[in-house]
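The residues of the chain are indexed from 1 along the displayed sequence.
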Amino acid sequence: MEYRLCPSILSADFNRLGEQIQTLEKAGVEWLHIDVMDGDFVPSISFGMPVIRSIRKESKMFFDVHLMVSAPERYIQDFVDCGADSITVHAEACEDLERAIELIRDAGVKVGVSIKPATPVNDISHLLEDVDMVLIMTVQPGFGGQKYLPECTEKIVELKELIDREELDVDIQVDGGINDETMETVMKAGANLLVAGSYVFSGDLETNVYSIQKKMDEIKSEID
């Protein structure tokens, strides 16, 4: 299993976004988490296709696009066209989740499905064979800087057990409240893709990345 840090540009300094993305890339980060929020499915509004299209020109990183939008089926092809390498939709936001998964797959990118803290893992368990990744939100979606919700740990464990039981190749991503302490909690519970915003972007970016990746390696060695 590959463990990855997925910095969320929601916490970046947009006045220096291009520069910060270059710093991440030079520090060895391979995935960039891009939160798209519409002000409807979640209260906040973030950014959309023009931002992704502009940074795609300057980066070779894997663009992990997380659509926190209502009826995301409407926009899947548009986000693929502007540079997404994977698209994650919320189970709660789709009228027909199976159809949304099919559209993402047909567009030629990796498929992710996300669930909010209150949504049971069982709601998506029948779809695990059809996705590449499940994103468990460990805070309420829509705002950065929230504290990790401890009750989400059991959901990670449950999901990991389902994936292992069915011998599936599905990544488990977590998003929300990741820091030195919770990073160890979620990795030992079964998550391998860690989205982090302020944990990465607060302070010296390069130093933070090296420190976080070192800690992830140390935890990984304990798990292995």
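- If you check the side chains of Asp35 and Ser46, you find no donor sitting under 3.5 Å from an acceptor.
- For the pair Thr138 (side chain) and Asp175 (backbone), a donor-acceptor distance under 3.5 Å is present.
- Nearest heavy-atom pair across Met216 and Met187 is O-CE, 3.5 Å.
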Apply the test salt bridge (charged side-chain N to carboxylate O under 4.0 Å, His left out) to residues Lys188 and Glu222: give CA-CA distance (whole Å), side-chain angles for both, the deciding distance (0.1 Å), then the verdict. CA-CA 9 Å; Lys188 289 186 175 179; Glu222 293 178 22; 2.9 Å; yes
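- Inspection of the Gln77 and Asp81 side chains reveals an N or O donor paired with an N or O acceptor under 3.5 Å.
- Side-chain contact between Pro72 and Val69 is present, with at least one heavy-atom pair separated by less than 4.5 Å.
- For the pair Val80/Ile87, a side-chain contact is recorded, criterion being any heavy-atom separation below 4.5 Å from C-beta on.
- Using a 4.5 Å heavy-atom cutoff, the side chains of Arg105 and Ile76 are not in contact.
- Using a 30° and 60° split on the angle between ring planes, Phe47 and Phe14 fall in the tilted class, from 30° to 60°.
- Judged by distance alone, with hydrogens and angles left aside, the side-chain atoms of Ser59 form no donor-acceptor pair with the main-chain N or O of Ile55 at under 3.5 Å.
- Here the closest heavy-atom approach between residue Ile156 and residue Gly190 is recorded as CG2-N, 3.9 Å.
- Panel note: side chain Lys116, backbone Glu92; no donor-acceptor pair is recorded below 3.5 Å.
- Two residues are said to be in side-chain contact when any heavy atoms from C-beta on lie closer than 4.5 Å; Lys220 and Glu218 fail this criterion.
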Per-pair distances, 0.1 Å, donor-acceptor, side chain in residues 165-174, under 3.5 Å, sequence neighbours excluded:
{"residue": "Asp171", "atom": "OD1", "partner": "Asn192", "partner atom": "ND2", "Å": "2.8"}
{"residue": "Gln173", "atom": "NE2", "partner": "Asp64", "partner atom": "OD2", "Å": "2.8"}

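- Listed for the Arg74 side chain is a donor-acceptor partner under 3.5 Å among the backbone atoms of Ser70.
- When atom types are taken as modelled, the side chain of Lys155 and the backbone of Thr119 share a donor-acceptor pair closer than 3.5 angstrom.
- Side-chain atoms of Thr153 and Tyr148 include a donor-acceptor pair closer than 3.5 Å.
- Between the side chain of Arg56 and the backbone N or O of Gly83, at least one donor-acceptor pair lies under 3.5 Å.
- At most 12 non-hydrogen atoms from other residues, nucleotides or ligands lie less than 6.0 angstrom from CD of Glu95.
- The closest donor-acceptor contact from the side chain of Ser114 to the backbone of Val89 lies at 3.5 Å or more, if one exists at all.
- Between Phe62 and Trp31, the ring planes lie parallel to each other; the angle is under 30°, not in the 30° to 60° tilted range.
- In this structure the side chain of His90 never reaches within 4.5 angstrom of the side chain of Leu67, judged on heavy atoms.
- Asp180 and Tyr199 form a side-chain donor-acceptor contact under 3.5 Å, judged by distance and modelled atom types alone.
- With sequence neighbours excluded, the residues satisfying side-chain contact (heavy atoms from CB on, under 4.5 Å) with Glu98 are Asp96, His126, Leu127.
- Annotation: cation-pi geometry not satisfied between Lys110 and Phe63 (NZ/CZ under 6.0 angstrom from ring centroid, within 45° of ring axis).
- Side chain to side chain, Ser211 and Asn208 fail the donor-acceptor criterion of an N or O pair below 3.5 Å.
- In this structure, Ser8 contributes its side chain and Gly197 its backbone to no donor-acceptor pair below 3.5 Å.
- Within the 4.5 Å cutoff, the side chain of Glu25 has heavy atoms near those of the Lys60 side chain.
- Here the side chains of Leu5 and Pro7 are in contact, with some heavy-atom distance below 4.5 Å.
- Phe41 places none of its side-chain heavy atoms less than 4.5 Å from the side chain of Met37.
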